Amino acid sequence: MSVVDELLAHNASYQASFDRGDLPSTPSLRLAVVTCMDARMDVLRILGLRPGEAQVIRNGGGLITDDVMRSLVVSQWVSNTKEILLLRHTDCGMTKFDEQELSERVGQHAGGPLRYSLGSFGNSEEDLRASLHALREARELLHRDHIHGFLYDVSSGGLAAVN
């Protein structure tokens, strides 16, 4: 049995007791969370959220890319979110590779240069501060007065506020 087959079996069990079909698409807490794709981060449990309370946007490093900005604009303008929480973490894989070297390797494998940046960074907390600043300056966002940053410690489960 493949991993996907196992996941489909889990979904069948989930569907049998599914009772959330009436949740609205607008998050009840009016919150958008931008975070990393790291598999160690169970974002809903870390923040004590339930389905329907927040929109969660994930990518490698929890970076503020063009696509994340697009999602945040839609989140605020269409889904009426008013707060943004950036959640980064310790021991992030985005701090563990040389961007130029990996871009060259992937480009050689793909037969041409990458069309995008991989987004590696040296320090999670410093990059989080830069991302917070960028969001607070993003004029396309309706609500820039409630943007929060936290660093999650993957070894303890704790959160530390970052401004």
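Please read these numbers as outputs of a predicted model, since none were measured by experiment. Below, all heavy atoms of this structure are taken into account, side chains as well, without hydrogens, waters or symmetry copies.
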### Query
Got a sec, which residues hit side chain to side chain contact (heavy atoms under 4.5 Å, CB included) with Gln100, two or more places apart in sequence or on another chain?
Asp98, Glu104
### Task
Could you note down all residue pairs passing salt bridge (Lys or Arg N to Asp or Glu O under 4.0 Å) where residues 117-126 supplies at least one of them, sequence neighbours left out?
Glu125-Arg129
### Message
Taking the side chain as everything from C-beta on, heavy atoms only, tell me whether Asn123 gets closer than 4.5 Å to Asp127.
### Response
no
### Heavy-atom pair with the smallest gap, counting every atom of Thr95 and Ser124
CG2-OG, 4.1 Å
### Query
Would you say Asp42 has more than 12 foreign heavy atoms packed within less than 6.0 Å of its CG?
yes
### Task
Might you confirm whether atom CD of Gln15 has over 12 heavy atoms from other residues, nucleotides or ligands at distances under 6.0 Å?
no
### Query
Is it the case that one hydrophobic cluster holds both Leu44 and Met37, taking links as side-chain heavy atoms less than 4.5 Å apart, direct or via other members?
no
### Leu85 with Tyr152, same ILVMFWY side-chain cluster at under 4.5 Å
yes
### Message
Does Ile84 form a side-chain contact (heavy atoms from CB on, under 4.5 Å) with Gln76? I'd like the steps, not just the answer.
### Response
CA-CA 9 Å; Ile84 298 172; Gln76 288 194 349; 3.7 Å; yes
### Message
Could you see if Val56 belongs to whatever hydrophobic cluster contains Ile46? Use Ile, Leu, Val, Met, Phe, Trp, Tyr and a side-chain cutoff under 4.5 Å.
### Response
yes
### Message
What verdict does the side-chain contact (heavy atoms from CB on, under 4.5 Å) test give for Asp91 and Ser155, after you've listed the backbone C-alpha separation in whole Å, the side-chain angles of each residue and the deciding distance to 0.1 Å?
### Response
CA-CA 9 Å; Asp91 193 39; Ser155 62; over 6 Å; no
### Task
Using modelled atom types only, decide if a donor and an acceptor are shared between the side chain of Thr90 and the backbone of Val154 within a distance under 3.5 Å.
yes
### Task
Apply side-chain contact (heavy atoms from CB on, under 4.5 Å) to the pair Val162 and Arg88, showing each step before the final yes or no.
CA-CA 10 Å; Val162 175; Arg88 299 287 182 85; over 6 Å; no
### Message
Please identify which of these residues, Ile64, Thr35, Leu151, Val33, meets the side-chain contact (heavy atoms from CB on, under 4.5 Å) condition with Leu86.
### Response
Ile64
### Query
Between atom CG of Leu31 and atom OG of Ser79, what is the distance when rounded to the nearest 0.5 Å?
12.0 Å
### Query
Under the side-chain hydrogen bond (donor to acceptor under 3.5 Å, both in side chains) test, which residues partner Ser75, sequence neighbours left out?
Gln55, Thr81
### Task
Report the residues that fulfil side-chain hydrogen bond (donor to acceptor under 3.5 Å, both in side chains) with Asn80, sequence neighbours left out, ordered by chain and then residue number.
Lys82
### Task
To the nearest 0.5 angstrom, please state how far the CD atom of Glu6 sits from the CE atom of Met1.
6.0 Å
### Task
Can you sort out the partners of Asp38 under side chain to side chain contact (heavy atoms under 4.5 Å, CB included), two or more places apart, ordered by chain and number?
Cys36, Arg40, Met41, His89
### Message
Test of understanding: with side chain to side chain contact (heavy atoms under 4.5 Å, CB included), list the residues that count as partners of Ser71, not counting sequence neighbours.
### Response
Ile57, Asp67
### Query
Other than Val106, what residues sit in its cluster of Ile, Leu, Val, Met, Phe, Trp and Tyr side chains whose heavy atoms are under 4.5 Å apart, directly or through others?
Leu63, Met94, Phe97, Leu102, Leu114, Tyr116, Leu118, Phe121
### Message
The criterion is side-chain hydrogen bond (donor to acceptor under 3.5 Å, both in side chains); which residues satisfy it with Ser120, sequence neighbours excluded?
### Response
Glu99
### Query
Who are the side chain to side chain contact (heavy atoms under 4.5 Å, CB included) partners of Leu23, not counting sequence neighbours?
Arg20, Pro51
### Task
Report whether Leu87 and Leu49 are members of the same hydrophobic cluster (ILVMFWY, side-chain heavy atoms less than 4.5 Å apart, transitive linking).
yes
Which pairs of donor and acceptor atoms, one on a side chain in residues 135-149, lie under 3.5 Å apart (sequence neighbours left out)?
residue	atom	partner	partner atom	Å
Arg136	NH2	Ile147	O	2.7
Arg144	NH1	Arg136	O	3.3
His148	NE2	Glu83	OE1	2.8

### Listed once per pair and sorted, the ring-ring contact (aromatic ring centres under 6.0 Å, His included) pairs that draw on residues 6-39, sequence neighbours left out
Tyr14-Phe18
### Shared-cluster residues of Leu8, by chain and number - hydrophobic side chains joined below 4.5 Å
Val4
